[in-house]
Each structure stands twice: as C-alpha cells, then as structure tokens.
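These notes are about the structure you will find just below.
What you see is a predicted model, and the numbers here were worked out from it, not measured in a lab.
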Amino acid sequence: GRQISSKRSIIIFERTMKQIVKLSLIFSFLCCLSACQEKGIAFRQWSAAQAMKEAAEKQQAIFLFVYQDDRDPYVKVFFDEIFQDEQIAGFFEQHFVNVSLKVDKDGQAKNWPDLAKQYGVYQYPSLLLLDAQANLITDISQLGHLGYDASGNLPCRSQLLRIARLAHRFVKYEDDSFFTAENWSD
C-alpha cells in the first residue's frame, strides 16, 4: 500500500513539474515576443482629447504623424525604417506623446478636428508638432513633392530631423547628442 502511494505521489509530482516547466516556457516566450514588439516609436491612435490630456499630464508636445495610404512609399519608409530606429524611437518616446492618424479619402479623421482647416494639412503624409493644447508649433507636409535624393532615397530622416530640431528649441532640451550628422543622413 505504501509503495503504491509513494509511486502515485512521484507520478503526480512529475506531472506537476512538467506543467510548471511548460507554463514557464510559454511565459518566457510571450515576454520575449512582447519585448520584440516594443521596438520603435509606440504610436497611439488616440483622439485629440486623449492626446491633449496625456501631453498636459506629461508636459510634452504632441508628435502627430498623419497619413492616408499605407502603401505610400514615404509612409512605408517612415513606419518600416525611420520610426523603428532605436535612437529616433528613444528620443521621440522620451520627449513626445506620439500619435499616428490615418485619415479617410476626404482627409477626415475620427475624433480630430478638420486637419485642413485647423492645421493646413492637405497632403499626406504630414508631420505635425503640436503643443499640449493641440496648437500647431510646426509642420512638414507635401513630402511627396520632395522626391528622391541623388542616391535614390526618400529624404524621410532629414524631414523628421527638422521636426526634432524645432521641438528641441521649443522644449529646450539639454542634450544635443541626438542631433549628430550620423543619426540623420538619409
């Protein structure tokens, strides 16, 4: 009787340990997956009210990336390359409330004011820097008219640098190391 009870306890213990190991492996995998997905600028799809509330609480400016078509070459370069860059993402995550806004074919976005009327946005993609009250600090639009540079690249990094430099002056950050030429060559 005792041997059977002991063997049964050992079998139950082994099964329990196997379950614990499986659960810890799954948990580790999910943590790694989550960490991998956090690369790049974490854009929110917030309303103007949500963005203003967050900006006021954090005492930060709002960086608004407005686009219309996911297939636009500029949009692809921004999302796939520029916004994924660790230094750029680190700077923008530290200093801005980052919002991406996909507009419909008429240039309208849910829970945002008329972008054309409010900010003069008629072309996409556009980069806007807003204060915590959603007043325009600066914008860069009509990126499609810039074309390609001599090397066949879209000048996305240099345009984002323009926004970052203006933000730097607006907020008066102490550290200029982010603005080195190596970080910003297209």
If you round to the nearest 0.5 Å, how far is CE of M52 from CG of N135?
9.0 Å
The reported gap from CG in D104 to CD in Q68 (rounded to nearest 0.5 angstrom) is 7.5 Å
Start with the C-alpha distance between L101 and L64, add both sets of side-chain angles, then the distance that settles side-chain contact (heavy atoms from CB on, under 4.5 Å), and finish with yes or no.
CA-CA 7 Å; L101 191 59; L64 185 62; 3.9 Å; yes
Can you find a heavy atom in the side chain of V99 that is under 4.5 Å from one in the side chain of V97?
yes
Would you mind reporting whether L130 and Y119 have side-chain heavy atoms less than 4.5 Å apart?
yes
For the CZ atom of F92 and the CD atom of Q87, what is their distance to the nearest 0.5 Å?
12.5 Å
What are the two closest heavy atoms between A61 and L129, and how far apart are they?
CB-CD1, 3.9 Å
Given the rule that I, L, V, M, F, W and Y join up when any side-chain heavy atoms are under 4.5 Å apart, are Y122 and L136 in one cluster?
no
Spacing of D131 atom CG and Q59 atom CD [to the nearest 0.5 Å]
13.0 Å
Could you tell me whether a side-chain N or O of W46 sits under 3.5 Å from a main-chain N or O of N98, the two making a donor and an acceptor?
no
Minimum side-chain heavy-atom gap S47-K110 below 4.5 Å
no
Nearest heavy-atom neighbours spanning L115 and G107:
CD1-O, 4.2 Å
Let's go through I82 and V77 carefully: what are the C-alpha distance in whole Å and the side-chain angles of both, what is the deciding distance for side-chain contact (heavy atoms from CB on, under 4.5 Å) to 0.1 Å, and is it a yes or a no?
CA-CA 6 Å; I82 307 303; V77 169; 4.0 Å; yes
Side chains of V103 and Q108 in contact at under 4.5 Å (non-hydrogen atoms)
no
Listing request: all salt bridge (charged side-chain N to carboxylate O under 4.0 Å, His left out) pairs with a residue in residues 55-70, at least two apart in sequence or in separate chains.
K53-E57, E54-K58, D69-R71, D70-K102
Tell me the closest heavy-atom pair linking W112 and A51, and the distance in Å.
CZ2-CB, 4.2 Å
With sequence neighbours left out, what residues match F83 under ring-ring contact (aromatic ring centres under 6.0 Å, His included)?
F43, F65, F78, F79
On a heavy-atom basis, which atom in Q94 and which in Q60 lie closest, and how many Å separate them?
O-NE2, 2.8 Å
I62 to A55 - nearest heavy-atom pair and separation:
CG1-CB, 3.7 Å
For residues V66 and L128, determine if any side-chain heavy atom of one lies less than 4.5 Å from a side-chain heavy atom of the other.
yes
For residues P113 and A48, report the shortest heavy-atom separation together with the two atoms involved.
CD-CB, 4.1 Å
For the residue pair I41 and E93, establish whether any side-chain heavy-atom pair is separated by less than 4.5 Å.
yes
